[in-house]
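Remarks on the structure that follows.
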Protein chains: 2
Amino acid sequence: MRIGELADASGVSTRSLRYYEEHGLIRSERTPGGWRDFDSSMVERVVMIQHLFAAGLCSATINELLPCLEAPPEERTGVMEQLLAQEVERLEAKRRDIDRELDTLQALRSETALSGEVRTPSRRSPPWDTTE
Amino acid sequence: MRIGELADASGVSTRSLRYYEEHGLIRSERTPGGWRDFDSSMVERVVMIQHLFAAGLCSATINELLPCLEAPPEERTGVMEQLLAQEVERLEAKRRDIDRELDTLQALRSETALSGEVRTPSRRSPPWDTTE
DNA sequence: GTGGAACTTCACACCGGTGTCAATTGCAAG
DNA sequence: CTTGCAATTGACACCGGTGTGAAGTTCCAC
């Protein structure tokens with residue numbers, strides 16, 4: 001199938017498909033004229049890739065992950081588990097960051113609601129020990 | 001005080017200070033020679049700005065927020081409360097996104113741990129109804 | 001054989017806070 | 001005076017997935 005068909009079938013723009021190919025996420029044959037010729041199994045793969053992107057993974061990580069997903073089950077458990085665990089950790093760290101940011105805002109809200117000493121926040125124990 | 005002093009005192013690079021000024025977050029006089037001359041009260045303000053940046057706010061939002069922080073208490077409650085509430089909502093939305101991404105990864109993990117049908121994820125009810 | 005759609009590659013833009021380089025200029029100490 | 005650091009403005013880079021546009025080629029239906 002050609003890139004336009006794949007784009008329609010998967011809901012991903014041709015631009016993105018070329019990007020995926022450029023980064024090794026998908027592969028294609030070429031017609032004698034130089035056009036991409038995708039196997040129809042690529043539709044599901046592209047959909048999968050989209051979901052992984054939506055899950056916040058970067059192309060490099062997806063690139064590591066995809067071979068594991070295609071390997072026979074007995075081989076993939078180790079590496080893939082590790083990768084996914086890493087990603088989960090990354091997301092959870094991100095979540096903790098956001099929680100800290102939320103705390104900062106809440107602190108700012110309550111602090112300024114109480115007193116007029118807003119311009120000197122570092123005087124009393126600052127709630128911004130986010131140590132980033 | 002000059003920009004270098006302010007940078008040292010606040011722990012923010014001169015580059016960032018110029019950026020802040022360029023975006024209206026801080027103001028300065030100019031010496032006859034054209035150098036920035038900051039009021040020493042800027043130190044605390046810059047520190048505050050840094051914390052707001054660290055809390056994930058963008059410069060535009062900080063720009064809206066700062067006047068409220070400097071206004072007398074009776075004026076600021078309304079607008080500021082609203083801005084902060086907006087930011088809290090934004091962060092919470094972000095958090096929900098991350099939670100969904102985490103769900104996606106966990107689903108992927110458990111799914112692939114069970115079966116070899118990894119290449120056809122959209123066949124059975126997909127866990128990726130993230131509707132982003 | 002031809003018009004036009006679909007495709008090719010190449011390249012720039014975006015977002016936003018910061019690093020960094022370059023060419024000038026201010027200012028203080030020797 | 002010179003030397004040298006600090007500051008000035010301006011511009012480009014980054015990151016990363018995607019939009020978009022241009023200029024040129026291929027394919028298909030008529």
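What you see below is based on every heavy atom in this structure, not just the backbone, and it leaves out hydrogens, waters and symmetry mates. In what follows, every chain begins at residue 1, and chains take the letters A, B, ... in the order their sequences are listed.
- Atom CD in B/E5 sits about 11 Å away from atom P in D/dA6, given to the nearest Å.
- With rounding to whole Å, A/L6 atom CG is found 14 Å from C/dA6 atom C1'.
- In plain terms, the two heavy atoms of B/L6 and B/F38 that are nearest each other are CD2-CG, 3.5 Å.
- Not one side-chain nitrogen or oxygen of B/R15 sits closer than 4.0 Å to the OP1 or OP2 atom of C/dG16.
- Residue A/F53 places its side chain closer to D/dG17 than to any other of C/dT18, D/dA6, D/dG17.
- Counting only heavy atoms from C-beta on, B/Q50 has its side chain closest to C/dT18 among D/dG17, C/dT18, D/dT8.
- Checking D/dG17, D/dT8, C/dT18 against the side-chain heavy atoms of B/Y20 singles out C/dT18 as nearest.
- One atom, CD of B/E21, and another, P of D/dT8, lie 8 Å apart when rounded to the nearest Å.
- Applying the 4.0 Å criterion to OP1 and OP2 of C/dT18, one finds that B/S13 has every side-chain N and O outside that range.
- Using a 4.0 Å cut-off, some side-chain N or O of B/S59 falls inside it from OP1 or OP2 of C/dG17.
- Here C/dG17 presents its P atom at 14 Å from CD1 of B/I26, a figure rounded to the nearest Å.
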(request) Take A/E21 and A/R36, measure what side-chain contact (heavy atoms from CB on, under 4.5 Å) needs, and give me the verdict at the end. (result) CA-CA 10 Å; A/E21 194 190 65; A/R36 288 175 179 81; 2.8 Å; yes
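- Checking B/G34 against B/C58, the closest nucleotide of DNA chain C that is more toward the 5' end is the one next to B/C58.
- When the side-chain nitrogen and oxygen atoms of A/S16 are compared with OP1 and OP2 of D/dT18, one or more of them lie within a distance under 4.0 Å.
- Nearer the 5' end of DNA chain C, as judged by each residue's closest nucleotide, is the contact made by B/A60, out of B/A60 and B/P32.
- Between A/R18 atom CZ and D/dG17 atom P there is a gap of 18 Å when expressed in whole angstrom units.
- Between the C1' atom of C/dG19 and the OH atom of B/Y19 lies a distance of 14 Å, rounded to the nearest Å.
- In this structure, A/L17 atom CG and C/dT9 atom C1' are separated by 16 Å, rounded to whole Å.
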(message) Let's go through A/R90 and A/E87 carefully: what are the C-alpha distance in whole Å and the side-chain angles of both, what is the deciding distance for salt bridge (charged side-chain N to carboxylate O under 4.0 Å, His left out) to 0.1 Å, and is it a yes or a no?
(response) CA-CA 5 Å; A/R90 188 182 56 81; A/E87 284 303 307; 2.5 Å; yes
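- Considering only side-chain N and O atoms, A/R30 lies under 4.0 angstrom from the phosphate OP1 or OP2 of C/dT9.
- Comparing D/dT18, C/dC7, D/dT8 by their nearest atom to the side chain of A/I3 picks out C/dC7.
- With hydrogens and angles ignored, the 3.5 Å screen pairs no side-chain donor or acceptor of B/E64 with any backbone N or O of B/T61.
- At D/dT8, one or more side-chain N or O atoms of B/R36 fall inside 4.0 Å of OP1 or OP2 (strictly under the cut-off).
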(request) Take A/Y20 and A/Q50 through the test side-chain contact (heavy atoms from CB on, under 4.5 Å) and record every step on the way to the result. (result) CA-CA 10 Å; A/Y20 295 171; A/Q50 264 297 292; 2.4 Å; yes
